[in-house]
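Numbering starts at 1 and runs along the sequence shown. These figures come from a predicted structure and were not determined experimentally.
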Amino acid sequence: MSYFDAASGAPLHPVARQALLASLDEGWADPARLYKEGRRARLLLDAAREAAAEAVGCRPDELVFTPSGTAAVHTGIAGALAGRRRTGHHLIVSAVEHSSVLHAAEVHRDGGGTVTEVPVDRTGAVRPSEFAGALRPDTALACLQSANHEVGTLQPVAEAAEACRAAGVPLLVDAAQSLGWGPVEGDWSLLAASAHKWGGPSGVGLLAVRKGVRFAPQGPRDERESGRVPGFENLPAIVAAAASLRAVRAEAAQEAARLRELTDRIRARVPELVPDVEVVGDPERRLPGVVTFSCLYVDGETVLHELDRAGFSVSSGSSCTSSTLTPSHVLRAMGVLSEGNVRVSLPPGTEEEDVERFLGVLPGVVAGVREKLGAPVSRTETVTRERDEALVVDALGRRCPVPVIELARVIGDVPVGGLVRVLADDEAARLDIPAWCEMRGQEYVGEQPADRGAAYVVRRLS
């Protein structure tokens, strides 16, 4: 089995395993106690904090350990907003932040605060000028991820941090995906990360808050972790997290070059091997091991299941499955194709042979899924003429990718310059039909209201 989902969780690093087992024997006592066992545990905790702070690029007394990366994000956002409540209640986030940031923003909005979502371009990156333009006199906090978790695009953190610093606004960086590859550039104010993303154990996050940043911890407090994270520290896991972070950093430069070559190969070969594919994300400014692509006329969940049966563990940025009709918020914000989305994120140590085997299996998997979905309904049941002006495709009640499949089947039945109206109540159609038009050289005229769902109008250009 080839595990290609390191962006969700990297396999436990051998150094993490060794450190975890060793600290189970040495670090079980309460590090707040003064007796011998407590002092020994305190030494381990202090050493782990120093190692993590060195990797982050902050002082040890600026860094605390949390029960997860999500907890670090929530703690950081809540504390920074509370600490600057006299300034205002305006929060800035990018449209492609991790769900932990967006959930915290939703809570802030529900509590009476205001939130600005900065849009991204088709590569998934914010424009520094637009991020800076969102800053206001009442902005309490801005948030920007260092790298996107779904498509791998790196964000202009240094430029955003400079603009925030000039405006006197702290910037919180979610560095979960990038910290294992190197420190975050720029004069950021707060930083959150999660150990299971770099090969540490799950259940350990870290939060760095620079000196001088107004921060008011929320909820019950105790004497642990600078009063910011209550409860007994999971010391063995913390030691393992810090040890693995130091280890992966030592290997980062060499491994990044190797994985980048493999993902470049996937980016180049997939469109050659599989027709009607869009590779998404920035081709240059991206994480070394992440590549994401979307396939027309397939449903991503089925593709993932078929790849799993073939021995490959991959994930998808598309949520167009049997449980929901809502496409990924990241792909939606980018305006790219969401159907049939596949994210490949290679862990360190991935072999070239595994990538070649994946490239050999993928075309047959996609072709098989397309064949199964190729004729979901008969033409005579779904296509009608309306006032001799447009060909109408009724895809109401049908889930992605059926509306796009039906559009592709009938576009040749109208003359050049003619229109096709696709009736659909699937939220994904709002994103996928315009993406199909761009990929196939047709004109997307726009969306019109309909009795149910919406009518998506396409003009045939070729």
Side-chain angles (χ1 to χ4, degrees), residues 1-11 123 148-153 177 199 251 254-284 286-321 328 331 336-375 400-401 404-405 408 432 435-436 439-440:
M1 193 75 179
S2 297
Y3 181 75
F4 285 179
D5 193 24
S8 293
T123 71
N148 186 259
H149 49 291
E150 288 189 19
V151 300
T153 297
Q177 292 294 340
E251 305 160 355
Q254 182 177 355
E255 194 62 22
R258 200 179 66 83
L259 292 184
R260 191 174 295 279
E261 190 279 328
L262 294 177
T263 52
D264 284 344
R265 187 180 309 183
I266 296 173
R267 289 181 67 91
R269 294 276 301 283
V270 167
E272 297 174 354
L273 296 169
V274 182
D276 297 316
V277 165
E278 181 178 14
V279 181
V280 300
D282 195 294
E284 300 294 336
R286 58 184 173 83
L287 292 170
V290 178
V291 57
T292 304
F293 54 88
S294 299
C295 308
L296 275 175
Y297 317 134
V298 299
D299 120 55
E301 185 182 33
T302 303
V303 171
L304 265 56
H305 285 321
E306 292 300 318
L307 286 172
D308 182 44
R309 292 175 60 185
F312 295 96
S313 301
V314 300
S315 62
S316 174
S318 174
S319 299
C320 190
T321 67
S328 150
L331 301 178
V336 298
L337 183 70
S338 71
E339 68 185 47
N341 182 262
V342 176
R343 180 186 69 179
V344 175
S345 48
L346 307 177
T350 298
E351 298 292 340
E352 180 180 0
E353 293 76 11
D354 291 334
V355 170
E356 286 298 322
R357 190 166 64 88
F358 172 78
L359 292 171
V361 165
L362 181 67
V365 165
V366 175
V369 176
R370 283 174 173 167
E371 183 178 0
K372 292 177 183 177
L373 293 172
C400 64
V404 179
I405 291 174
D432 291 346
W436 178 88
M439 293 175 69
R440 302 308 295 268

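For Asp5 and Ser313, the side-chain atoms include no donor-acceptor pair closer than 3.5 Å. Ser338 and Asn341 share no side-chain donor-acceptor pair at under 3.5 Å.
Considering Val280, Thr292, Leu331 as possible partners of Glu150, the one that fulfils the side-chain contact (heavy atoms from CB on, under 4.5 Å) test is Leu331.
Proximity of a side-chain donor or acceptor of Ser294 to a complementary backbone N or O of Leu337 within less than 3.5 Å is detected. Side-chain atoms of Glu339 come within 3.5 Å of backbone N or O of Tyr297 as a donor-acceptor pair. Distance alone, capped at 3.5 Å, is enough to place a donor-acceptor pair between the Glu255 side chain and the Gly349 backbone. Side chain of Thr153 to backbone of Asn148: no donor-acceptor contact under 3.5 angstrom is found. One N or O on the side chain of Arg343 and one on the backbone of His149 form a donor-acceptor pair closer than 3.5 Å.
Between Val290 and Ser345 the shortest heavy-atom distance is CG2-CB, 4.0 Å. Closest approach of Gly199 and Ala10 over heavy atoms only: N-CB, 3.6 Å.
Scanning for salt bridge (charged side-chain N to carboxylate O under 4.0 Å, His left out) contacts around Asp264 gives Arg286, with sequence neighbours left out. For Ala310, the side-chain contact (heavy atoms from CB on, under 4.5 Å) partners two or more places apart in sequence, or in a different chain, are Phe312, Val361.
Counting only heavy atoms from C-beta outward, the side chains of Glu306 and Val366 never approach each other to under 4.5 Å.
To the nearest 0.5 angstrom, Asp432 atom CG is 10.0 Å from Met439 atom CE. How far CZ of Phe358 is from OG1 of Thr350: 12.0 Å, rounded to the nearest 0.5 Å.
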